[in-house]
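Here the structure is laid out as structure tokens; the discussion comes afterwards.
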Protein chains: 2
Amino acid sequence: MDSEVARDRALDAAEKLFYGRGIHSVGMDDIRSTSGLSLKRLYQLFPAKEQLVEAYLERRDVAWRQRLAAHVDRCTDPRERILSVFDWLRLWFLEPDFRGCAWINSYGELGATSPRVLAQVRAHKQAFRAYVAGLVADAELPEPLGGQLYLLAEGAMVTAGIEGSAEPAVQAGLAAGLLLEAYR
Amino acid sequence: MDSEVARDRALDAAEKLFYGRGIHSVGMDDIRSTSGLSLKRLYQLFPAKEQLVEAYLERRDVAWRQRLAAHVDRCTDPRERILSVFDWLRLWFLEPDFRGCAWINSYGELGATSPRVLAQVRAHKQAFRAYVAGLVADAELPEPLGGQLYLLAEGAMVTAGIEGSAEPAVQAGLAAGLLLEAYR
DNA sequence: CCTCGGGGAGAACCGGCGTTCTCTACCGTA
DNA sequence: TACGGTAGAGAACGCCGGTTCTCCCCGAGG
């Protein structure tokens, strides 16, 4: 089997299991049986579990931000683009296997013990915040709004995960609309 | 030694270690050496680690909400009381051992595997949200504002933990002020 | 046909940790 | 002094899970 394909299968299994059940509750044997790869192959691709974890977070980071951007790009009006972020959050929250933000969860699990995971969490969040700030700048709105909308989005993610509901995205979207008005 | 005192020492150690390093990275031996209790005594008080975790979250829940309420009660004006929530968050974030919200972190670590911890996280967050909603009702402001302020606070907690900064409390407080104006 | 390298299956190893057990010291009491 | 009960220190046990090793098959090349 091609090495690329094997890597994808390993990462598919890792994403499904790590995101769904948490990282430390998933063993390499679980990754093996879900991916269909042998342990030997797995350890050829990722010499240790931590590297599999890092690769999982990295691949998901790229995919997550691409999906968000693709949704936002369906709008052209700068204000609509801002509000469509919360629209997309709602769609994400509604996915059946949604279980909160993978990076916030990883921070809770490994933030205190794995500097590399902590760095990835920070990088992901900074990228998201920069993206929101870019949308705000495109709409020629004042800069502090970016951070405030970012906090609303983070609060919605955390709450949607804990409560298992998509409602926080709606609430956050309403608040975002009010803030846009306030800064008009 | 009095059983009450021993229980307090165990919970002091549990809180310091579980909150500071995460739950699964702390062993019962760490609890023993930090608390100064013998393993035998520890297991008399808490028959299993999970019960120590639950007691830790429960005690911290009571203390956290008391501290918040005590700060808010220093104001009488209903609007100031609302904004003082974010004021208190900033003070909390500035504490030297601050490492994010204990319940959000616990959700990341155990939310998928421990129904009892998940229930405690939900109960704590519901209590906090109800508290904020009560402040909003006291100020005779419309009900949706409560959920929006709650999301801002959650976003600030998560971001302050990940970034290691108290700034999110200020940003969230500014956004809260704008929302108060918007609903005036 | 023989050989040899790579890969798969799963056992084996080993350290960590939750939990229990053993041994000993100590203290109050007859 | 003898004794029973309690508590502490820490070894022991058992399981789990990350990592490595063994054994076997198979396919390519001579």
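Just so we're clear, the structure is a prediction, and the values are computed from it rather than from any experiment. Numbered from 1 within each chain, the chains take letters A, B, ... in sequence-line order.
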Using a cutoff of under 3.5 Å, can you pull out all pairs of nitrogen or oxygen atoms linking the protein to nucleotides 10-15 of chain C, with atom names and distances?
residue: dG10(C); atom: N7; partner: Arg32(A); partner atom: NH1; Å: 3.0

If the condition is side-chain hydrogen bond (donor to acceptor under 3.5 Å, both in side chains), which residues does Asp12(A) pass it with, not counting sequence neighbours? Arg59(A)

What's the CZ-P distance between Arg41(A) and dT19(D), to the nearest Å? 19 Å

For Phe128(A), what residues pass the ring-ring contact (aromatic ring centres under 6.0 Å, His included) criterion, not counting sequence neighbours? Trp64(A), Tyr150(A)

Who are the side-chain hydrogen bond (donor to acceptor under 3.5 Å, both in side chains) partners of Gln126(A), not counting sequence neighbours? none

Which residues within residues 17-27 of chain B lie with some heavy atom under 4.0 Å of an atom in DNA chain C? Val26(B), Gly27(B)

Nearest-angstrom distance from the residue atom CZ of Phe46(B) to P of dT19(C): 13 Å

Among dG18(D), dG8(D), dA9(C), the nucleotide that comes nearest once only the side chain of Tyr43(A) is considered: dG18(D)

Those residues at least two apart in sequence (or on a different chain) that pass salt bridge (Lys or Arg N to Asp or Glu O under 4.0 Å) with Arg74(B) are none

Pairs satisfying side chain to side chain donor-acceptor pair (under 3.5 Å), at least one member in residues 17-26 of chain A, at least two apart: Arg21(A)-Asp30(A), His24(A)-Glu109(A), His24(A)-His24(B)

Taking for Pro47(A) and for Gly36(B) the nucleotide of DNA chain D with the nearest heavy atom, the one nearer the 5' end belongs to Gly36(B)

Interatomic distance, Leu52(A) CG vs dG17(D) P [rounded to whole Å]: 16 Å

Atom NZ of Lys49(B) to atom P of dT20(C): distance rounded to whole Å? 15 Å

All N/O donor-acceptor pairs, side-chain side in residues 77-88 of chain A, below 3.5 Å, sequence neighbours left out:
residue: Asp77(A); atom: OD2; partner: Arg79(A); partner atom: N; Å: 3.2
residue: Asp77(A); atom: OD2; partner: Glu80(A); partner atom: N; Å: 3.0
residue: Arg81(A); atom: NH1; partner: Asp73(A); partner atom: OD1; Å: 3.1
residue: Arg81(A); atom: NH1; partner: Cys75(A); partner atom: O; Å: 3.2
residue: Arg81(A); atom: NH2; partner: Asp73(A); partner atom: OD1; Å: 3.4
residue: Ser84(A); atom: OG; partner: Arg81(A); partner atom: O; Å: 2.8
residue: Asp87(A); atom: OD2; partner: His71(A); partner atom: NE2; Å: 3.4

Nearest to the side chain of Met28(B), heavy atoms from C-beta on, is which of dA9(C), dT19(C), dG8(D)? dT19(C)

Let me test you: for the helix from dC1(C)-dG30(D) to dA30(C)-dT1(D), what is the angle between the axes at its two ends (five pairs each), rounded to 10 degrees? 30°

To the nearest 0.5 Å, what is the distance between CG on Leu17(A) and CD1 on Ile31(A)? 5.0 Å

Sequence neighbours excluded, every pair satisfying salt bridge (Lys or Arg N to Asp or Glu O under 4.0 Å) that has a member inside residues 92-106 of chain A: Arg67(A)-Glu95(A)

According to ring-ring contact (aromatic ring centres under 6.0 Å, His included), who are the partners of Phe46(B), at least two apart in sequence or on a separate chain? none

Length of the CG-C1' vector between Asp29(B) and dA11(D), whole Å: 11 Å

Please report the distance, rounded to the nearest Å, between CD in Gln51(A) and P in dG18(D). 14 Å

Check: residues 129-149 of chain A side-chain donor-acceptor pairs under 3.5 Å, at least two apart:
residue: Arg129(A); atom: NH2; partner: Glu163(B); partner atom: OE2; Å: 3.3
residue: Gln148(A); atom: OE1; partner: Tyr183(A); partner atom: OH; Å: 3.4
residue: Gln148(A); atom: NE2; partner: Tyr183(A); partner atom: OH; Å: 3.3

Can you measure Glu50(A) atom CD to dG17(D) atom C1' for me and round it to whole angstrom units? 16 Å

Given the rule in the salt bridge (charged side-chain N to carboxylate O under 4.0 Å, His left out) test, do Glu181(A) and Arg184(A) qualify, once you have shown the distances and angles that lead to the verdict? CA-CA 5 Å; Glu181(A) 287 303 308; Arg184(A) 180 193 291 276; 2.9 Å; yes

